[in-house]
*Asks:* 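Below you will find the structure I want to go over with you.
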2 protein chains.
Amino acid sequence: MNDRNERLEFCETSVIHYDIVENVREKMPPEDPVYDVADLFKVFGDSTRARMICALTVSEMCVCDIAALLGMTSSAISHQLRILKQAGIVRSRRVGKIVYYSLADEHIRQLFTVAFEHVTEEKGGQ
Amino acid sequence: MNDRNERLEFCETSVIHYDIVENVREKMPPEDPVYDVADLFKVFGDSTRARMICALTVSEMCVCDIAALLGMTSSAISHQLRILKQAGIVRSRRVGKIVYYSLADEHIRQLFTVAFEHVTEEKGGQ
DNA sequence: TTAACAGTTGAACAAATGTTCAAATGATAA
DNA sequence: TTATCATTTGAACATTTGTTCAACTGTTAA
């Protein structure tokens, strides 16, 4: 299995396990969705946005209330809401001057639930 | 409900829905785990690390093989593996010169599965 | 011992990111 | 109209982050 290493010349050294690399290349998910998943997780990966999502898990809220709850300015919250909306994580509805935001998808709740299980169970991980 | 707004003076304007804010404050998850969840998602939120995790979903791999698969240097991969290991996402075992990495937890696979569902179903989301 | 090689590490750099500030919308009420 | 207020927006700034490069471990084999 070592006589084919030259096919993988982008590695600065040589490939050690050609068969494993080819097996993984076939079976791992296609590239584009992986990038989409990374982008989704990137949006979750900021503590302000994570706290906002957790708040919206409980109830629909307007910008000013989220700002008050988290002790931040409306401007900062609005900037983050824009990111969340572009990512399809929240949706908004306007009532007069006030804009109410809520979670757009049940997957969001599910992802946070599993993530919470992970970080709480894992006290004493390797 | 507006006569108590002064209790939430950290908001640069006044709180509009005092009852909603207090309700969410009681029911949303405690602060520390939320930060842990955000940190976990932050690790997932880089495309290189997401691709590495997807690869390790298929099979245990050594550093050089991951580098070859993703067309990156061993150094870059090693740096990212350190982040993944610190986060408790991968574990390693050494066999001679070679260090094999694998996923440390079944939650990881589950989180990526749900995230994939989200990004693939959501063609045509709002 | 020496050479070869898988992997790790630290410094440096460029690119991306979150918050602040000030100004601008857009809607309500006087 | 004007004033007020919730929200949005853009520019600026400091901070964080990912990759590269070079040097360094640590293991194997001659």
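A, B, ... follow the sequence lines: proteins, then strands. Residue 1 opens every chain.
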*Asks:* Where the side chain of B:Thr73 is concerned, which of D:dT7, D:dT20, C:dT20 is the nearest nucleotide?
*Replies:*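 My answer, after comparing the listed nucleotides, is D:dT20.
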*Asks:* To check you understand the geometry: which heavy-atom pair defines the closest contact between B:Leu69 and B:Met61, and what is its length?
*Replies:*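 Answer, listing the atom of B:Leu69 first, then B:Met61: CD2-CE, 4.1 Å.
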*Asks:* For residues A:Gln80 and A:Met52, determine if any side-chain heavy atom of one lies less than 4.5 Å from a side-chain heavy atom of the other.
*Replies:*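 They are in contact (side-chain heavy atoms under 4.5 Å apart), so the answer is yes.
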*Asks:* What residues, two or more places apart in sequence or in another chain, satisfy salt bridge (Lys or Arg N to Asp or Glu O under 4.0 Å) together with B:Glu26?
*Replies:* none
*Asks:* Between atom CG in A:Leu81 and atom P in D:dT8, what is the gap in whole Å?
*Replies:* 7 Å
*Asks:* For A:Ile83 and C:dA16, give me the distance from atom CD1 to atom P, rounded to whole Å.
*Replies:*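 Taking atom P of C:dA16 as the reference, CD1 of A:Ile83 is at 14 Å.
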*Asks:* Using only side-chain N and O atoms of B:Tyr101, determine if any of them is under 4.0 Å from OP1 or OP2 of C:dA6.
*Replies:* no
*Asks:* Taking the side chain as C-beta and beyond, is there a heavy-atom pair between B:Val37 and A:His118 under 4.5 Å?
*Replies:* no
*Asks:* On the 0 to 90° scale, with breaks at 30° and 60°, tag the B:Tyr100-A:His17 ring pair as parallel, tilted or perpendicular.
*Replies:*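 Correct class here is tilted.
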*Asks:* Under 3.5 Å, which N/O atoms of the protein pair with N/O atoms of nucleotides 9-11 of chain D?
*Replies:*
unit_1, atom_1, unit_2, atom_2, d
D:dT9, O4, A:Ser75, OG, 2.7
D:dG10, O6, A:His79, NE2, 2.8

*Asks:* Is a side-chain N or O of B:Arg94 found less than 3.5 angstrom from the main chain of B:Gly96, in a donor-acceptor match?
*Replies:*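 Here the side-chain-to-backbone pair exists.
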*Asks:* Starting from P on D:dT16, measure out to CG on B:Asp39 and report it in whole angstrom.
*Replies:* 13 Å
*Asks:* Taking salt bridge (Lys or Arg N to Asp or Glu O under 4.0 Å) as the definition, give me every residue that meets it alongside A:Arg49, ordered by chain and number, with sequence neighbours left out.
*Replies:*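 For A:Arg49 there are no salt bridge (Lys or Arg N to Asp or Glu O under 4.0 Å) partners, ignoring immediate neighbours.
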*Asks:* So does B:Ser74 get a backbone contact from the side chain of B:Ser78, meaning a donor-acceptor N/O pair under 3.5 Å?
*Replies:*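 Looks like no, no N/O pair under 3.5 Å.
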*Asks:* Answer whether the closest heavy-atom distance between the side chains of B:Arg51 and B:Met72 falls below 4.5 Å.
*Replies:*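 A side-chain contact under 4.5 Å exists here.
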*Asks:* Any chance the rings of B:Phe44 and A:Phe44 have centres within less than 6.0 Å?
*Replies:*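 Between A:Phe44 and B:Phe44, which both carry aromatic rings, the centre distance is not below 6.0 Å.
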*Asks:* Hey, is the side chain of A:Lys42 poking within less than 4.0 Å of OP1 or OP2 on C:dT17, counting only N and O atoms?
*Replies:*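 Result: yes.
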*Asks:* Any side-chain N or O of B:Gln80 under 4.0 Å from OP1/OP2 of D:dT17?
*Replies:* no
*Asks:* Given atom CZ of B:Arg93 and atom P of C:dA6, what is their separation to the nearest angstrom?
*Replies:* 17 Å
*Asks:* Output one letter per nucleotide in nucleotides 23-29 of chain C: B when a protein non-hydrogen atom lies under 4.0 Å from the base, S when only the sugar-phosphate is that close, - when neither is.
*Replies:* ----SS-
*Asks:* Sequence neighbours left out, what passes salt bridge (Lys or Arg N to Asp or Glu O under 4.0 Å) with A:Arg82? Give chain and number order.
*Replies:* none
*Asks:* Take the protein atom CG of A:Leu70 and the nucleotide atom C1' of C:dG18, then report the distance between them rounded to whole Å.
*Replies:*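 Atom-to-atom, A:Leu70 to C:dG18, this comes out as 14 Å.
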*Asks:* Can you give me the closest heavy-atom contact between A:Ile16 and B:Asp65, atom names plus distance?
*Replies:*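 In this case the closest contact between A:Ile16 and B:Asp65 is N-OD1, 3.2 Å.
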*Asks:* Write down the distance between CD (B:Gln86) and P (D:dG18), rounded to a whole number of angstrom.
*Replies:*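 Computing the B:Gln86:CD to D:dG18:P distance gives 12 Å.
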*Asks:* Tell me, which of residues 43-56 of chain B have any heavy atom that sits under 4.0 Å from an atom in DNA chain C?
*Replies:*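 Residues of residues 43-56 of chain B that come under 4.0 Å of DNA chain C do not exist, since none gets that close.
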*Asks:* Rounded to whole Å, please give me the gap between OH in B:Tyr100 and C1' in C:dG7.
*Replies:*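 Atom OH in B:Tyr100 sits about 13 Å away from atom C1' in C:dG7.
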*Asks:* Could you check how far CD1 of B:Ile77 sits from P of D:dC21, rounded to whole Å?
*Replies:*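 Taking atom P of D:dC21 as the reference, CD1 of B:Ile77 is at 15 Å.
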